[in-house]
Protein chains: 2
Amino acid sequence: MGTLPLSPREARAWDGYRRMQGLLASQLNRQLTADTGLSDADFAILSALLGAPGHRLRGLALRCEVQWEKSRLSHHLGRMQTRGLVVREECVEDSRGAVFQLTDAGKAAVEAATDDRVAAVRTYLLDLLTPEQLDALTEISGAVLARLAKDDSHQRAVAELARGT
Amino acid sequence: MGTLPLSPREARAWDGYRRMQGLLASQLNRQLTADTGLSDADFAILSALLGAPGHRLRGLALRCEVQWEKSRLSHHLGRMQTRGLVVREECVEDSRGAVFQLTDAGKAAVEAATDDRVAAVRTYLLDLLTPEQLDALTEISGAVLARLAKDDSHQRAVAELARGT
DNA sequence: AGCCATTGGTTGACGCATCATCCAGTTGCG
DNA sequence: CGCAACTGGATGATGCGTCAACCAATGGCT
């Protein structure tokens, strides 16, 4: 675990990551919305739907896909619906559920946005890295995601225990 | 520059980064606010001030430090002021300017929060990586930040040109 | 000195993210 | 069957981030 202060090497890595994270995210989002009128969040939802059979997905499935809090998803889908990107339908199997489907406008919007997004990601990230760096990034995120997942399942286990009292 | 579709290697890297970025940021922020009542944003401001001589900094300097949009900074400092973490004072050298200083409460809050933050960063990032991975992360962010900076100065050059017409 | 472009900072409006709460439908268990 | 616990999802309040417009002070240039 290490004592509190960071080593120079750690400090450099953290500081670099922190700065990159903030600026890169805002650059990508800014560019996408300027060019296509779709936010980063919109794009995430729409491309999840685009990749689903029939361009429709259950709310829950969508939530797993994008890993958002349920209320965020609900609010956002509401707004997207009023913008005509998506429609909400009743769910047959579970009548409290909801199914969301891409409208034609939504489909057109994502498709138009995809090229832009890919180009931006290349320009500001992928094209700047060597193959080794790409792999390093993959490994790093793998490690971090594994840790976060562990934490998550631990949470669930604790909840399980509490339930069992 | 490459054609549009991503190679499998690129796709893995981007997808991993994207997921890590979102979850890590929200985890760190959630934990900090739960433990200390300070958001990520608060912490950034407060530690910049803490590291400044006299715990005071000019608005502009603060803006360079945290790299925020000026209106974000202004809004946030306003809120922090009402929470008693910070005070706004007039600026002597430039009377349209502003100087912000840490209050005692603000100072106490950051100091209390720092350990928490460092521990969380270790837990969810630094301790998971090998020294080589730390260095790789530093290099990667360096490359990305350099690219973003280039873009930024290009913007400024364009503005310069437009001015010169 | 006098003017105009620029800059430091604020404000208001608006969309987004989170939290807590709520509701209806579903499931499991006696 | 009937009740309790749980789940999928919606909602309202609140704080945050961005954009555009604004204002006053400044600095440079003639």
Side-chain angles (χ1 to χ4, degrees), chain A residues 22-23 25-34 37-45 57-83 85-86 88-100 156 159-160 162-165, chain B residues 22-23 25-34 37-45 57-83 85-86 88-100 156 159-160 162-165:
Chain A
L23 294 181
S26 82
Q27 169 67 26
L28 290 179
N29 190 38
R30 188 185 317 285
Q31 182 157 328
L32 189 67
T33 60
L38 255 39
S39 74
D40 233 348
D42 296 329
F43 186 76
I45 297 289
L57 228 38
R58 183 80 191 272
L60 183 57
L62 201 43
R63 220 152 76 216
C64 294
E65 195 80 19
V66 297
Q67 309 247 57
W68 286 1
E69 315 240 337
K70 64 181 182 178
S71 95
R72 178 183 179 186
L73 185 62
S74 182
H75 281 301
H76 203 89
L77 283 170
R79 282 173 239 132
M80 291 179 74
Q81 197 175 354
T82 72
R83 289 198 284 155
L85 296 169
V86 133
R88 183 188 191 286
E89 296 163 3
E90 294 305 310
C91 180
V92 205
E93 313 107 33
D94 186 339
S95 49
R96 75 204 151 169
V99 176
F100 296 90
R156 250 173 265 152
E160 194 91 22
R163 202 181 309 153
T165 19
Chain B
L23 293 181
S26 82
Q27 169 68 26
L28 289 179
N29 190 39
R30 189 184 315 285
Q31 182 157 327
L32 189 67
T33 60
L38 256 39
S39 74
D40 233 346
D42 297 328
F43 186 76
I45 298 290
L57 228 38
R58 184 79 191 274
L60 184 57
L62 201 42
R63 221 153 75 215
C64 295
E65 195 80 19
V66 297
Q67 309 246 61
W68 285 1
E69 315 239 336
K70 64 182 180 176
S71 92
R72 177 182 180 186
L73 186 62
S74 182
H75 281 301
H76 203 87
L77 283 170
R79 283 172 236 134
M80 291 178 74
Q81 197 173 355
T82 72
R83 287 197 285 155
L85 296 170
V86 132
R88 184 188 190 285
E89 295 164 2
E90 294 305 310
C91 179
V92 204
E93 314 107 32
D94 185 338
S95 47
R96 76 203 149 170
V99 177
F100 296 90
R156 250 173 266 153
E160 195 91 22
R163 204 181 306 154
T165 18

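Below, chains carry the letters A, B, ... as their sequence lines are ordered, and counting in each starts from 1. These numbers come from a predicted model, not from an experiment.
Side-chain proximity of A:S74 to the nucleotides C:dT11, D:dA10, D:dT18 is greatest for D:dA10. In the set C:dT18, C:dT10, D:dG8, the nucleotide with an atom closest to the side chain of A:S71 is C:dT18.
Residues A:R88 and A:V99 are not in side-chain contact: their nearest non-hydrogen atoms beyond the backbone lie 4.5 Å or more apart. Counting only heavy atoms from C-beta outward, the side chains of B:W68 and B:L62 never approach each other to under 4.5 Å.
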Nucleotide N/O to protein N/O under 3.5 Å, stretch nucleotides 21-23 of chain C:
none

Please list, pair by pair, any protein nitrogen or oxygen found under 3.5 Å from a nitrogen or oxygen in nucleotides 14-17 of chain C.
residue : atom : partner : partner atom : Å
C:dC16  : OP2  : A:R79   : NE           : 3.2
C:dC16  : OP2  : A:R79   : NH1          : 3.0
C:dC16  : O5'  : A:R79   : NH1          : 3.1
C:dA17  : OP1  : A:R72   : NH2          : 2.8
C:dA17  : OP2  : A:R72   : NE           : 3.3

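Here the straight-line distance linking atom CZ of B:R58 with atom CD of B:E93 works out to 6.0 Å at 0.5 Å rounding.
Rounded to a whole Å, the CZ atom of B:F100 is 14 Å from the P atom of C:dG8. Rounded to whole Å, atom C1' of C:dG8 lies 12 Å from atom CD of B:E90. Regarding A:L77, its CG atom lies at a distance of 10 Å from the P atom of D:dG9, rounded to whole Å. In this structure, the CZ atom of B:R88 is 14 Å from the P atom of C:dG8, given to the nearest Å. To the nearest angstrom, P of C:dT18 lies 14 Å from CG of B:L28. The separation between B:L60 atom CG and C:dT6 atom C1' is 13 Å, rounded to whole Å. Nucleotide D:dT18 holds its P atom 16 Å from the CD atom of A:Q31, rounded to whole Å. Look at CG on A:D94: it is 12 Å from P on D:dT7, rounded to the nearest Å.
Place B:R58 and B:T33 on DNA chain C by their nearest nucleotides, and B:R58 ends up nearer the 5' end.
Between A:H76 and A:A41, the closest heavy-atom pair is CE1-CB, 3.7 Å. Nearest heavy-atom pair, A:G97 versus A:E90, reported as atom, atom and distance to 0.1 Å: O-OE1, 4.4 Å. Considering every non-hydrogen atom in both A:V86 and A:F100, the closest pair reads CG1-CD2, 4.1 Å. Of all non-hydrogen atoms in A:R30 and B:E69, the two that sit nearest each other are NH2-OE2, 3.2 Å.
The closest side-chain donor-acceptor pair between A:N29 and A:S26, if any, does not fall under 3.5 angstrom.
Note on B:R96: every side-chain N or O is 4.0 Å or more away from OP1 and OP2 of C:dT6. In this structure, A:R30 does not reach the D:dG17 phosphate: none of its side-chain N or O atoms is under 4.0 Å from OP1 or OP2.
For B:R79 and B:D42, the salt-bridge test fails: no basic side-chain N is under 4.0 Å from an acidic carboxylate O.
When heavy atoms are screened at a 4.0 angstrom cut-off, A:S95 is found touching the sugar-phosphate backbone but no base atom.
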